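Only one structure is covered here, and it is reproduced in the block below.
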Amino acid sequence: MNKASLLHERAGFIEQLHHEFLYLKGYGTYTYITPKDASNLFDSYLIHENNISSAITQQQAQICFIRGFIKSL
């Protein structure tokens with residue numbers, strides 16, 4: 001994955017993270033975690049993504065991963 005596509009994917013992940021925090025918790029992401037934690041969560045997602053079935057779309061995989069994280073808080 002080149003640097004530009006990785007940056008684009010990170011931005012999309014952070015945006016989805018914000019949406020899910022608002023949906024599940026009623027407050028923005030940074031009420032619960034720091035920007036560095038959000039970046040580290042994306043890095044964890046990339047590792048996790050390698051083990052995800054190709055039958056699941058990337059957005060569905062992100063939502064499942066993010067919701068699992070949020071519910072663990």
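If you're wondering where the values come from, they're calculated on a predicted model, not measured in any experiment.
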For Y30, all residues meeting side chain to side chain contact (heavy atoms under 4.5 Å, CB included), sequence neighbours excluded | I14, H18, P35, A38

Same cluster or not: are F13 and L7 linked, directly or through other Ile, Leu, Val, Met, Phe, Trp or Tyr residues, by side-chain heavy atoms under 4.5 angstrom apart?
-> no

The side chain to side chain contact (heavy atoms under 4.5 Å, CB included) partners of K71 (sequence neighbours excluded) come to none

Report whether L41 and L6 are members of the same hydrophobic cluster (ILVMFWY, side-chain heavy atoms less than 4.5 Å apart, transitive linking).
-> yes

Which distance, rounded to the nearest 0.5 Å, do you find between the SG of C64 and the NE2 of H48?
-> 8.0 Å

Side chains of D43 and R10 in contact at under 4.5 Å (non-hydrogen atoms) = yes

Would Y32 and I66 show up in the same hydrophobic cluster when neighbours are defined by side-chain heavy atoms closer than 4.5 Å?
-> yes

What salt bridge (Lys or Arg N to Asp or Glu O under 4.0 Å) pairs are there with at least one residue in residues 33-42, not counting sequence neighbours?
-> none

Under the side chain to side chain contact (heavy atoms under 4.5 Å, CB included) test, residues paired with T31 that sit two or more places apart | Y27

Out of curiosity, does I33 fall in the hydrophobic cluster containing Y23 (side-chain heavy atoms, cut-off under 4.5 Å, transitive links)?
-> yes

Sequence neighbours excluded, which residues qualify as side chain to side chain contact (heavy atoms under 4.5 Å, CB included) partners of H8?
-> none

Which atoms form the tightest heavy-atom contact between K25 and L73, and what is the distance?
-> NZ-O, 4.3 Å

Shared ILVMFWY cluster between I63 and Y45, side chains joined below 4.5 angstrom?
-> no

Residues forming a ring pair (Phe, Tyr, Trp, His ring centres under 6.0 Å) with F69, sequence neighbours excluded | none

Does the side chain of Q62 come within less than 4.5 Å of L17's, by heavy atoms?
-> no

